[in-house]
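Have a look at the structure below, then the notes.
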Amino acid sequence: MLACARRPDGTLVVQQLTDDGDRVGAPHDLDQHDLDQLDPAGQRWLWASTGVDYPPLMAAGIRAARCHDVAVVERILLGRAGAFGEPTSPAAVLARAQGRPAPAERVADLDPAPTLFELSGPADQPPDEDPTETLRLAYLDQRARAGRDGALGLLLAAECASALAATEMGAVGLPWRRDIHLAVLAELLGPRPVGGGRPPTLAALADEISQAFGFPVNPDSAVDVRAAFRRVGFDIESTRSWVIKAIDHPAVRPVLAYKELVRLHTANGWAWLEQWVRGNRFHAEYLSGAVVSGRWATRGGGALQIPRVLRQAVVADPGYRLIVADAAQLEPRVLAAISADLVLQAISAEDDLYAGLAADGFGGNRAAAKVAMLGAMYGQTTGEGGRLVSTLRARYPQAMGYVDGAARAGERGEVVHSVLGRACPPPGTSWEAVRIGRQQDATPAERTLADRLAGDRGRFTRNFVVQASAADWAAVWLAGLRTSLTEVAGAELVFFQHDELIVHAPEPVAEPVAGLIEDAADAARRLVFPGSAVQTPVRPVIVDRYADAK
DNA sequence: GCCGGAGGCGCC
DNA sequence: AAAGGGCGCCTCCGGC
């Protein structure tokens, strides 16, 4: 293991360590000799934060096989102790271990340094100290706190690997054809308006909307649109598209069309293209594990919300293919596993789990089975979905009991965990209102508020156990695939979105890559759900364009 | 004029 | 098939 830290002047200092954290030799400046000596297959890096420490190494041509990311590990360990939002630097880890107040996080610490040998910026130590010693001690402390919990160890390893993958994916970028994107914009919005303003299609729709109402309406203003519908006799409480869809009025069609297109214009229009696409690659900043459930987030570009209409712009380079793989119906399968519901696990053997559910208890009605299952996992209580959940409850008492139990725990203000042991955050300051509303002398208004807040919390914990366990599985899947892809020249992970990933690879190795993706999914199933009969199949599809994958 | 929250919608 | 979970991002709006 190679501990790698920044000095106050920004230079990098490294210290070889054993896996037990014992020093081997002396710390010294990272130099070209170190880089030449690196064992690309096995070296494990120890550093404060992958997002900060890895980019300069990547720029120097280093590919980290594995790492121990102190911040990633600390976030998970802190969460299990009920502490969210505490600083996660090596110095903070040490301070807590020694009973001192943890130093505040500095914003500059979170920004990647530009180049390897011309680093500048803050570091944790005064100049005369060895910064790798702080890292080493933080590592030892975390190792001791993690203990011998195998599931937790798997989670930490997978999350560290995910951090590497996230940083690499941001640097590599998603193949993106500017010309195709521009053609889509031209087709749907018309030519780009000079100097801002509405594109022609949107301007025409705005006129149509005002004409349909018979008075001027600004479709960009929800307040205005709502008032307009009220004025013509439709007392809607919001202007969400599914609310408007239910109205019978000539303005409905242009309003809905406007909503759809203005979204494309503002979220993924010409400005987006200019800001985020460079050299036929869309470079987002991926933040692995940034969501409390363990899902990834992104900063900038909205990479996890690429609209379907633009997936035709995601095209493999000449001579390359995209291998697109998603885990089919992952969340109900995960529920079958974590709840140990053998009936649901048996159904998970089918390619289409919802069809299996439909045949089992919904008279073959697949749509009803799907709505019911989603309702069960999201805590839906009203409408058709809420009603259908009772069928599931009768049919799969073990699985439904599991999510119901998680909801009850949430309503009591308790914390729940993912299958590998990621903790959800404890209730926040609003829980005081729940306590007040549950007291004998509470007013009706206080009781109502308490019920609503407790219900919100219950739906959150109900969903957390499923969503976070699915994120556990996906992280192990991704980590395993990333390792196996090192054997395939030219193959790169370019996208990951909760339960779906894309590899960009030379055409001749596309088939082997698809096999590796399936193997990694099977390995993740065995590791995350040992002994379970559940199936978590993935469906790799080899395409030129992302849009052709589904 | 600035800024945080709300409204709304894209993805899973 | 309902409007239940998690996000990021944009615009509007209202309070200061």
Side-chain angles (χ1 to χ4, degrees), chain A residues 196 198 218-227 236-246 255-256 258-269 271-272 275-276 284-287 289-311 326-331 334-335 354 358 362 365-389 403 406-407 410 416 418 424-425 452 455-471 474 495-501 546 550:
Chain A
R198 287 193 177 115
N218 174 14
D220 288 326
S221 164
V223 172
D224 215 22
V225 172
R226 181 169 168 230
I236 52 175
E237 79 288 1
S238 86
T239 62
R240 288 186 171 85
S241 50
W242 61 268
V243 172
I244 290 177
K245 208 170 288 179
V255 164
L256 292 176
Y258 184 92
K259 276 174 174 289
E260 195 178 324
L261 291 178
V262 78
R263 165 109 195 143
L264 177 67
H265 176 50
T266 57
N268 297 97
W272 182 92
Q275 185 173 3
W276 298 107
E285 187 181 358
Y286 297 92
L287 306 169
V291 178
V292 289
S293 65
R295 279 186 174 184
W296 290 23
T298 57
R299 188 155 56 201
L304 302 184
Q305 296 102 241
I306 299 170
R308 292 190 174 276
V309 68
L310 284 182
R311 293 184 180 185
D326 77 317
Q329 305 152 347
L330 179 60
E331 293 196 340
V334 164
L335 173 57
Y354 293 132
F362 288 86
N365 188 341
R366 184 183 183 280
K370 181 175 178 177
V371 166
M373 183 52 86
L374 293 175
M377 293 187 297
Y378 292 158
Q380 187 177 334
T381 54
T382 60
E384 192 72 351
R387 194 177 62 75
L388 290 168
V389 172
V403 282
V416 294
S418 74
C424 83
R452 187 177 62 77
D456 289 348
R457 175 78 186 168
R459 280 187 295 279
F460 168 65
T461 50
R462 170 191 293 272
N463 184 250
F464 182 94
V465 293
V466 178
Q467 186 182 119
S469 299
F495 193 60
F496 176 67
Q497 185 184 37
H498 312 315
D499 61 359
E500 175 179 7
L501 56 79
Y546 186 19
K550 280 182 187 171

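Every chain is numbered from 1 and lettered A, B, ... according to where its sequence line falls, protein lines coming before strand lines. From a predicted model like this one, the values you see are computed outputs, not experimental measurements.
When the side-chain nitrogen and oxygen atoms of A:Thr266 are compared with OP1 and OP2 of C:dT11, none of them lie within a distance under 4.0 Å. Under 4.0 angstrom from either OP1 or OP2 of B:dG7 there lies no side-chain N or O belonging to A:Thr239. Phosphate contact (OP1/OP2 of B:dC12, side-chain N/O of A:Arg308, threshold under 4.0 Å): present. Regarding contacts with the backbone of B:dG8, every side-chain N or O of A:Lys259 stays at 4.0 angstrom or more from both OP1 and OP2.
Here the closest heavy-atom approach between residue A:Phe496 and residue A:Leu304 is recorded as O-CD2, 3.5 Å. Residues A:Gln467 and A:Glu331 approach most closely at CA-OE2, 3.8 Å, considering heavy atoms. Heavy atoms only, all atoms of each residue included: A:Arg462 and A:Ala406 are closest at CA-CB, 4.0 Å. Nearest heavy atoms, A:Lys259 versus A:Ser241: CD-CB, 4.3 Å.
Of the possible polar contacts, one joining the A:Arg226 side chain to the A:Ile236 backbone as a donor-acceptor pair under 3.5 Å is found.
When heavy atoms are screened at a 4.0 angstrom cut-off, A:Gly300 is found touching the sugar-phosphate backbone but no base atom. Within 4.0 Å (heavy atoms only), A:Ser293 reaches no atom of the nucleic acid at all. Across all strands shown, A:Ser221 has heavy atoms under 4.0 Å from sugar-phosphate atoms exclusively, and none from any base. Across all strands, A:Gln497 comes closer than 4.0 Å only to sugar-phosphate atoms, never to a base (heavy-atom distances). Across all strands shown, A:Val223 has heavy atoms under 4.0 Å from sugar-phosphate atoms exclusively, and none from any base. Within the 4.0 angstrom heavy-atom criterion, no nucleotide atom of any strand lies near A:Lys370. Across all strands shown, A:Arg459 has heavy atoms under 4.0 Å from sugar-phosphate atoms exclusively, and none from any base. Looking at heavy-atom distances under 4.0 Å, A:Ile306 makes contact with sugar-phosphate atoms alone, never a base. At the heavy-atom level, A:Gly302 lies under 4.0 Å from the strands shown only through sugar-phosphate atoms. Nucleic acid contact class of A:Ala368 (heavy atoms, under 4.0 Å, all strands): base. Residue-level contact check: A:Ala367 touches the bases, meaning some heavy atom is under 4.0 Å from a base atom. Backbone-only engagement by A:Arg240 is indicated by non-hydrogen atom pairs under 4.0 Å involving sugar-phosphate atoms exclusively. Within 4.0 Å of A:Arg226, counting heavy atoms only, lies no atom of the nucleic acid at all.
Rounded to a whole Å, the CH2 atom of A:Trp296 is 16 Å from the C1' atom of B:dC11. If you take CG of A:Leu335 and P of C:dG5, they are 17 Å apart, rounded to a whole angstrom. When the P atom of C:dG14 is taken as reference, atom CG of A:Asp224 falls 11 Å away, rounded to whole Å. Taking atom CZ on A:Arg299 and atom P on B:dC11, their separation rounds to 24 Å, with Å as the unit. What separates CZ of A:Arg263 from P of B:dG10 is a distance of 6 Å, to the nearest Å. In this structure, A:Leu256 atom CG and B:dG8 atom C1' are separated by 13 Å, rounded to whole Å. Between the CG atom of A:Leu501 and the C1' atom of B:dC11 there is a distance of 16 Å, rounded to whole Å. We find that CH2 of A:Trp272 is positioned 17 Å from P of C:dG8, with the value rounded to whole Å.
Comparing A:Ala222 and A:Ala297 against DNA chain C, the residue whose closest nucleotide sits nearer the 5' end is A:Ala297. Nearest-nucleotide mapping onto DNA chain C: of A:Gly301 and A:Trp242, the residue sitting toward the 5' end is A:Trp242.
Interatomic distance, A:Thr298 OG1 to A:Gln497 CD, rounded to the nearest 0.5 Å: 9.5 Å.
Side-chain proximity of A:Val291 to B:dG7, C:dG6, B:dG10: nearest is C:dG6. For A:Gln305, counting side-chain heavy atoms from C-beta on, the closest listed nucleotide (B:dC9, B:dC12, B:dG10) is B:dG10.
With no hydrogens or angles considered, a side-chain donor-acceptor pair links A:Arg198 and A:Tyr258 at under 3.5 Å.
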